[in-house]
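Take a look at this one; I'll ask things after.
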Amino acid sequence: MDCGWQSHWSDSARFKLQPRRVAATTVATRVAEEMRCKVGEEVGYSIRFEDVTSAATRIKFLTDGMLLREALVDPLLSRYSVIMVDEAHERSLSTDILLGLLKKIRRKRPELRVVISSATLQAEDFLRFFAGDEVHSGGDGKESGSDVGRIISLEGRMYPVDILYLESPTEDYVERAVKTVFDIHTQEAEGDILVFLTGREEIESTVQMISERAAMLHPKAPALLPLPLYSGLTSEQQLYVFEPAPENTRKVIVSTNIAEASVTIDGIVYVVDCGFAKLRAYNPHTGIETLTAVPISKASATQRAGRAGRTKPGKCFRLYTQQSYEMLPETTVPEIQRSNLAPVVMQLKALGIDNVARFDFLTPPPAEQVIRALELLYSLGAVDDYAKLTKPLGLRMAELAVEPMMGKVLLSAPSFGCVSEILSIAAMVSLQGSVWVQHEGDRKATESARRKFAVEEGDHLTYLNVYQAFVTKGKKDPKWCRDHYLNYRSLLRAVSIRSQLKRYLERFGIQVDESLSSSHRQADLSKQPEQIRRCLTTGYFAHAARMQPDGTFKTVSGGLTLHAHPSSLMFNRKADWVIFHEILETGDKIFIRDITKIEKNWLLEYAPDYYRVS
DNA sequence: TGCGCTTTA
């Protein structure tokens, strides 16, 4: 969408937390306006929880994830004659799957037009990907080769940006970034500054340093207003970066990668780029994701610099030498090559692609990662000995909008009599840690608020407790949430996710008895926690660990030392065997998150093959 | 013992 049009609608798009979803709705609104119709008539949009289309709809804007869901019921996407894939150069997981799928569909539906919008750098790759197929299939009937595709260039409205490098490398880019900000402030013409750093901690301390030093500026000199920007902030906190700075004040936005592509801020004239970003990587041997700061790609550096040239000519200060720039990789490794592929493999199989290894990926993921994913799906019972999706379990798991392990838990729930509770837990876990609000400098208050909801057995039951309290006390009362340090918007989202998951289960013919979950059924409550913990074990047996006397955990094989994440109840409690939702390596420690106590023999009971005693 | 880059169904 970076082809000059964006400025028209970014005004409404930029304020929201979910840029992809927002882009679909605002673009639809804009195009409907141009076509003088109402949204939902000739022009509509479709995003999770919201389908604003009708029989009259001719142009539909949707997220790529939504289109993949549609392909589950309409494998040839036969209702569309033209499909345009936007922002393809970002190479998100779902974009890559979609491109492979579209290429496959075009073999059966050559009349389908595919338009791919991408930064120029990668346009050739996309053309080669699709054209390669035309040439190949045109081998016996040459005529189909007549339309192999074209590259059309649309020049964006961009002002020139001067790039400046360091003459010698810096030891400490945070310190250097602060210095650069003040150099710009005292020596350059007016205009706001955008600083790219890697994470929350770095950003908060930089903001702190800038405001301390800014206080020492001459009282009559222009002021500096440093503002943090990262996804962990609430949307209210994010809003500040879009507000115009007060009179005689220059804004300095200190941001993660979120400002590189997802969020656009007008008025930026100077960019300071540290040259690093935190990226996810996945180790198929250990199944552990890492999250570490790595050098960015040239494409990324170009994108960052471009943020300075949106309103007038700008400058980009790179906190590295031109020599180090030359050594950067051209592009960032696509997500599909650095992710846990279990959800991808499951999705492809549900789309009828059984031989995932032979699927035509734009860039294939490492074979090891595919094998690892298949092993997990097999142990969950989602695929059979022939790696085919099982019926109904595997098929249903693929249809559910949750990861395979949680999908298995949801589908096991009826036999443990805890469907309602598991629905709430699944919804809460999918919020990915945004249940509690972050209060810097107020850790103790957050801690004690959290303790009020704590349940002895662990984080999952604590989530259930929070969810039940929210729907009875806090749903209509944002203040109740603030008082308890709970994220109101996140919890509302949990309610939507839960009702969507419930609809899926009901479509599978699973009855959801909501009366069991209400607090007046005290009699059931004593047995219920154990059933829930057993049920969780049926999906998360591969994520089991045992606490050591020193409070750390060891994996079942004993090879790895794990630490309870400080946000977990188990951070300062005793336990024996546990299962956990997530495992992540940051810095030099491996953390586990969302932890619940279990009994060792449950592992053998629910995963006899996985934990076979020889 | 002390904390996660982003996005979506």
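To find a chain, count down the sequence lines: A is the first, B the second, and so on, and within it residues start at 1.
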> With centres under 5.5 Å and planes under 30° as the test, does A:Phe571 stack with B:dT1?
Replying inline: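 So yes, this residue stacks on that base, both cut-offs being met.
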> With a non-hydrogen cut-off below 4.0 angstrom, is A:His565 in contact with a base, only sugar-phosphate, or nothing?
Replying inline: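 The residue A:His565 makes base contact.
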>> What's A:Asp64 touching, base or sugar-phosphate or nothing? Going by heavy atoms closer than 4.0 Å.
In response: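 Nothing, no heavy atom under 4.0 Å.
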> How is A:Thr63 classified with respect to the nucleic acid when contacts are heavy atoms under 4.0 Å: base, sugar-phosphate, or nothing?
Replying inline: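 Sugar-phosphate contact only.
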> Quick one: A:Gln347 CD to B:dT8 P, roughly how many Å, whole number?
Replying inline: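 That distance rounds to 15 Å.
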> Which part of the nucleic acid, if any, lies within reach of A:Ser430 when heavy atoms closer than 4.0 Å are counted: base, sugar-phosphate only, or nothing?
Replying inline: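 A:Ser430: no heavy atom of the nucleic acid under 4.0 Å.
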>> From C-beta outward on A:Asn572, which listed nucleotide comes closest to its side chain: B:dT1, B:dT7, B:dC3?
In response: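 Looking only at heavy atoms from C-beta outward on A:Asn572, the closest nucleotide is B:dT1.
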>> Give me each pair satisfying salt bridge (charged side-chain N to carboxylate O under 4.0 Å, His left out) with a member in residues 391-407 of chain A, each pair once, sequence neighbours excluded.
In response: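 Of all non-adjacent pairs touching residues 391-407 of chain A, those that pass salt bridge (charged side-chain N to carboxylate O under 4.0 Å, His left out) are A:Glu399-A:Arg507.
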> Which residues within residues 287-295 of chain A lie with some heavy atom under 4.0 Å of an atom in DNA chain B?
Replying inline: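 The answer is A:Leu291.
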> Which sits closer to the 5' end of DNA chain B, A:Asn257 or A:Arg450, going by the nucleotide each is nearest to?
Replying inline: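 Nearer the 5' end of the strand: A:Arg450.
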> Below 4.0 angstrom from OP1 or OP2 of B:dT6, is there any side-chain N or O of A:Thr256?
Replying inline: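 For B:dT6, OP1 or OP2 has a side-chain N or O of A:Thr256 closer than 4.0 Å.
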> Quick check: are there more than 12 heavy atoms from other residues, nucleotides or ligands sitting under 6.0 Å from CD of A:Glu447?
Replying inline: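 More than 12 heavy atoms, drawn from other residues, nucleotides or ligands, come within 6.0 Å of this atom.
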> A:Asp459 CG to B:dC3 C1': how many Å, rounded?
Replying inline: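 A:Asp459 atom CG is separated from B:dC3 atom C1' by 14 Å.
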>> Can you identify which nucleotide, out of B:dT7, B:dG2, B:dA9, has its nearest atom closest to the A:Glu447 side chain?
In response: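 Nearest to the side chain of A:Glu447 among the choices is B:dG2.
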>> Rounded to whole Å, please give me the gap between CZ in A:Arg200 and P in B:dC5.
In response: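 After rounding, the reported distance stands at 8 Å.
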> Do any side-chain nitrogens or oxygens of A:Thr198 fall under 4.0 Å of OP1 or OP2 in B:dC5?
Replying inline: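 False: A:Thr198 side-chain N/O out of range (4.0 Å or more) of B:dC5 OP1/OP2.
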> Can you tell me if A:Tyr230 and A:Glu202 form a side-chain donor-acceptor pair at under 3.5 Å?
Replying inline: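 Short answer, no.
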>> Closer than 3.5 angstrom, by distance alone: can the side chain of A:Arg280 be matched with the main-chain N or O of A:Arg338 as a donor-acceptor pair?
In response: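 Checking the backbone N and O of A:Arg338 against the side chain of A:Arg280, no donor-acceptor pair under 3.5 Å is found.
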> Of all the nucleotides listed (B:dA9, B:dC3, B:dG2), which has the minimum atom distance to the side chain of A:Arg48?
Replying inline: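 Closest of the options to the side chain of A:Arg48: B:dA9.
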> Between B:dT6 atom P and A:Glu90 atom CD, what is the distance in whole Å?
Replying inline: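 Rounded to whole Å, this separation is 14 Å.
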>> Please tell me if A:Lys589 has a side-chain N or O lying less than 4.0 Å from either OP1 or OP2 of B:dC3.
In response: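 For A:Lys589, the contact criterion (side-chain N or O under 4.0 Å from OP1 or OP2 of B:dC3) is not met.
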>> What's A:Gly199 touching, base or sugar-phosphate or nothing? Going by heavy atoms closer than 4.0 Å.
In response: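 The answer is sugar-phosphate, as A:Gly199 gets under 4.0 Å only of primed atoms, P, OP1 or OP2.
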> Which word best sums up how the rings of A:Tyr540 and A:His460 line up, parallel for under 30°, tilted for 30 to 60°, or perpendicular for over 60°?
Replying inline: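 Answer is tilted, since the angle falls between 30° and 60°.
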>> Could you check whether the side chain of A:Gln432 and the base of B:dT7 have a donor-acceptor pair of N or O atoms closer than 3.5 Å, going by distance alone?
In response: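 Looking at the base of B:dT7, it does pair with a donor or acceptor on the side chain of A:Gln432 (distance under 3.5 Å).
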>> Rounded to whole Å, how long is the line connecting atom CD of A:Glu582 with atom C1' of B:dC3?
In response: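 These atoms are roughly 13 Å apart.
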>> Rounded to whole Å, please give me the gap between CD in A:Gln238 and P in B:dT6.
In response: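 The answer, rounded to whole Å, is 9 Å.
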> Does the pair A:Lys597/A:Glu457 count as a salt bridge with the N-to-O cut at 4.0 Å?
Replying inline: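 A salt bridge is absent here (no side-chain N lies under 4.0 Å from a carboxylate O).
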> Contact class for A:Ser94 (heavy atom, under 4.0 Å): base, sugar-phosphate, or nothing?
Replying inline: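 No contact at all - A:Ser94 keeps every heavy atom at 4.0 Å or more from the nucleic acid.
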>> Just to be sure I understand the rule, does A:Arg280 reach a base, reach only the sugar-phosphate, or reach nothing, if contact means heavy atoms closer than 4.0 Å?
In response: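 Contact class for A:Arg280: base.
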>> Would you call the rings of A:Phe453 and A:His484 parallel, tilted or perpendicular, taking 30° and 60° as the class edges?
In response: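 Ring orientation, 0 to 90° scale: perpendicular.
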>> Checking contacts here: which listed nucleotide (B:dT6, B:dA9, B:dC3) is nearest the side-chain heavy atoms of A:Pro566?
In response: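 From the listed options, B:dC3 comes nearest.
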>> Going by the rule side chain to side chain donor-acceptor pair (under 3.5 Å), which residues pair with A:Ser490 if we only count those two or more places apart in sequence or in a different chain?
In response: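 Once residues adjacent in sequence are excluded, the partners of A:Ser490 under the side chain to side chain donor-acceptor pair (under 3.5 Å) criterion are A:Ser434, A:Asn487.
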> Starting at the 5' end of DNA chain B, which residue's closest nucleotide do you reach first, A:Ala277 or A:Glu403?
Replying inline: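 That would be A:Ala277.
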> In whole Å, what is the span from the CD1 atom of A:Ile590 to the P atom of B:dT1?
Replying inline: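 In whole Å, B:dT1 P lies 20 Å from A:Ile590 CD1.
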>> Looking at A:Thr331, is its backbone amide N or carbonyl O close enough to the side chain of A:Arg91 to form a donor-acceptor pair, meaning the two atoms are under 3.5 Å apart?
In response: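 Here the side-chain-to-backbone pair does not exist.
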>> So if I take every side-chain heavy atom of A:Glu201 and compare against B:dC3, B:dA9, B:dT1, which nucleotide ends up nearest?
In response: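 Side chain of A:Glu201 sits closest to B:dC3.
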